[in-house]
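Scroll down for the structure; my scribbles are underneath it.
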Amino acid sequence: SARRDDRLHVFFVHTATPNSLQSVPGLTATRSRGKVSFILPDLANKTYHLYPFFSSAEKDKFSKNEYFEVGLASSM
């Protein structure tokens with residue numbers, strides 16, 4: 001069951017390196033925060049595939065992951 005101290009994890013792949021699963025570094029958010037923001041590597045005109053999920057504080061229980069596709073436009 002969900003707890004306030006559950007930790008958020010986000011893994012991603014992007015079109016530049018589709019065979020490389022990476023995690024968002026330095027993410028320390030818990031469920032109790034209610035929202036979080038983070039910066040993905042700057043890969044303009046690429047599509048990111050994000051897989052966020054929660055773990056218990058002890059990292060022995062995990063939620064199902066979600067899936068989001070995000071396209072980033074070139075920043076000029």
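- Atom CZ of Phe12 and atom CZ of Phe68 lie 15.5 Å apart (nearest 0.5 Å).
- Side-chain contact between Leu8 and Val36 is present, with at least one heavy-atom pair separated by less than 4.5 Å.
- In this structure, the side chain of Ser56 engages the main chain of Lys61 through a donor-acceptor pair within 3.5 Å.
- The CD atom of Glu66 lies 9.5 Å from the CZ atom of Phe54; values are rounded to the nearest 0.5 Å.
- Considering all non-hydrogen atoms of both residues, Leu21 and Val13 come closest at CA-CG1, 3.7 Å.
- Every residue meeting the side-chain contact (heavy atoms from CB on, under 4.5 Å) condition with Phe53, not counting sequence neighbours, appears here in chain and number order: His9, Phe11, Phe62, Ser63, Asn65.
- What you find for Glu69 and His49 is that their closest heavy atoms are OE1-CE1, 3.7 Å.
- In this structure, Thr30 OG1 and Arg3 CZ are separated by 12.0 Å, a value rounded to the nearest 0.5 Å.
- By the side-chain contact (heavy atoms from CB on, under 4.5 Å) test, Thr28 pairs with Arg7, sequence neighbours left out.
- Between Tyr67 and Tyr51, the distance separating the two ring centers is shorter than 6.0 angstrom.
- For the residue pair Ala2 and Asp6, the shortest heavy atom distance occurs at CA-OD2, 3.6 Å.
- To the nearest 0.5 angstrom, Arg31 atom CZ is 14.0 Å from Arg33 atom CZ.
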